[in-house]
Amino acid sequence: MCVLIHKPAGVAVPEPIIRSAALHNADGWGVMGHTADGETVLERHVDVDATRTIDFLRAHTDSELAIHLRRRTHGDVNACNAHPFEIEPGLYLMHNGSFTLPIRDPIYSDTWHLVHDILRPLARRHRGLIADPTFLQLISAVAGPDNRLILFDAKRAKFHVVNRQIGVEHAGLWIGSLRWLDAGLFEAPAVERAA
């Protein structure tokens with residue numbers, strides 16, 4: 001499991017959330033999104049440094065971003081397993097949860113296998129399919145209640161959150177799961193189920 005956050009433009013990520021996420025999810029971090037000027041933001045890192053991540057996010061308060069901090073479940077801790085993953089040029093994915101997929105190479109994560117063995121071949125054969133609303137409903141049904149995904153279409157500067165209803169809304173953010181964050185950060189009145 002990991003921490004997956006969608007941050008709308010103009011919303012700051014509270015420092016304690018990143019410090020907690022970095023402490024409990026120290027196997028890689030990345031961001032994807034766009035600046036207020038429409039420039040694409042993509043970063044992947046193996047080393048999780050809470051201060052560096054906080055500084056990066058402060059510099060991008062006006063950007064709409066998805067943020068991923070990895071807690072290894074499958075695959076090695078390496079750059080290949082850091083999020084976001086490129087499905088095809090201009091289309092990226094972040095994932096929180098665990099898929100039961102054939103793992104042909106144990107060095108790589110289940111998300112790596114999802115992208116390389118399923119989504120990328122589909123996207124290449126059927127342009128536009130991955131961002132089609134009906135296909136996203138199918139992905140949600142197949143993913144089940146234990147998986148959340150964010151797809152980012154950089155060409156259109158658009159996010160698609162799969163299984164949004166499973167996550168929580170907090171401080172203007174959508175957080176896929178609170179499981180690997182300090183519970184004390186989320187007092188009951190401040191946290192609502194995502195709509």
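None of these values were measured; they are calculated from a predicted model.
When H6, K7, K158 are each tested for a side-chain hydrogen bond (donor to acceptor under 3.5 Å, both in side chains) with E64, only one passes: H6.
Counting only distance, with no hydrogens or angles, the side chain of H60 and the backbone of F56 share a donor-acceptor pair below 3.5 Å. Judged by distance alone, with hydrogens and angles left aside, the side-chain atoms of D146 form no donor-acceptor pair with the main-chain N or O of G97 at under 3.5 Å. Side chain of N81 to main chain of V77: no donor-acceptor pair is present (N/O by atom type, distance under 3.5 Å, no hydrogens or angles). Counting only distance, with no hydrogens or angles, the side chain of S20 and the backbone of P16 share no donor-acceptor pair below 3.5 Å. The backbone N or O of V115 lies less than 3.5 Å from no partner atom in the side chain of R120, so there is not a single donor-acceptor pair. With hydrogens and angles disregarded, no donor-acceptor distance shorter than 3.5 Å links the side chain of H68 to the backbone of I5. Counting only distance, with no hydrogens or angles, the side chain of N147 and the backbone of S98 share a donor-acceptor pair below 3.5 Å. Here the side chain of D132 pairs a donor or acceptor atom with the backbone of F135 at under 3.5 angstrom. Judged by distance alone, with hydrogens and angles left aside, the side-chain atoms of D105 form a donor-acceptor pair with the main-chain N or O of I107 at under 3.5 Å.
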For E169 and R164, what are the C-alpha separation, side-chain angles and deciding distance, and is it a salt bridge (charged side-chain N to carboxylate O under 4.0 Å, His left out)?
CA-CA 10 Å; E169 302 282 346; R164 182 177 189 89; 3.2 Å; yes
Verdict with reasoning, D153 to H160, per side chain to side chain donor-acceptor pair (under 3.5 Å)
CA-CA 8 Å; D153 182 343; H160 304 280; 5.2 Å; no
Please step through side chain to side chain contact (heavy atoms under 4.5 Å, CB included) for the pair S109 and R70, ending with a clear verdict.
CA-CA 11 Å; S109 69; R70 181 174 185 239; 3.8 Å; yes
Where do T35 and D62 land on the side chain to side chain contact (heavy atoms under 4.5 Å, CB included) test, with the steps shown first?
CA-CA 7 Å; T35 66; D62 292 335; over 6 Å; no
Would S177 and N96 count as a side chain to side chain donor-acceptor pair (under 3.5 Å) here? Give the steps.
CA-CA 8 Å; S177 172; N96 168 235; 4.6 Å; no
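Nearest heavy atom pair, residue R148 against residue G176, reads NE-O, 3.0 Å. Residues A143 and F99 come closest through the heavy atom pair CA-CE2, 3.8 Å. In plain terms, the two heavy atoms of A154 and Y92 that are nearest each other are CB-CE1, 4.1 Å. Across all their heavy atoms, A26 and A22 have their closest contact at CB-O, 3.5 Å.
L114 contributes atom CG, which lies 6.5 Å from atom OG1 of T111 (distance to the nearest 0.5 angstrom). For the atom pair CG of D110 and NE2 of H74, the computed distance is 4.5 Å after rounding to the nearest 0.5 Å. To the nearest 0.5 Å, atom CG of residue L23 and atom CG of residue L69 are 11.0 Å apart.
Taking the six-membered ring for Trp and thresholds of 30 and 60 degrees, Y108 and H113 have ring planes more than 60 degrees apart, a perpendicular arrangement.
Other residues, nucleotides and ligands contribute over 12 non-hydrogen atoms within 6.0 Å of the CG atom of D49.
Under the 4.0 Å criterion applied to side-chain N and carboxylate O atoms, E88 and K155 are not assigned as salt-bridge partners.
Residues L119 and W112 share a hydrophobic cluster, clusters being chains of Ile/Leu/Val/Met/Phe/Trp/Tyr side chains in contact below 4.5 Å. Criterion: ILVMFWY side-chain heavy atoms under 4.5 Å apart, direct or through other members. Under it, V3 and V11 are part of a common hydrophobic cluster. Linking ILVMFWY residues whenever their side-chain heavy atoms come closer than 4.5 Å, directly or via other members, places L138 and L149 in the same cluster. Cluster membership for V41 and W29, using ILVMFWY side-chain heavy atoms within less than 4.5 angstrom, is shared. Grouping the Ile, Leu, Val, Met, Phe, Trp and Tyr side chains by contacts below 4.5 angstrom, directly or via other members, places L42 apart from L151.
Judged by the 6.0 Å distance and 45° axis criteria, R44 is positioned over the aromatic ring of F85.
Using a 4.5 Å heavy-atom threshold, the side chains of M32 and I150 count as touching.
With hydrogens and angles left out, the side-chain atoms of S63 and H34 include no donor and acceptor closer than 3.5 Å.
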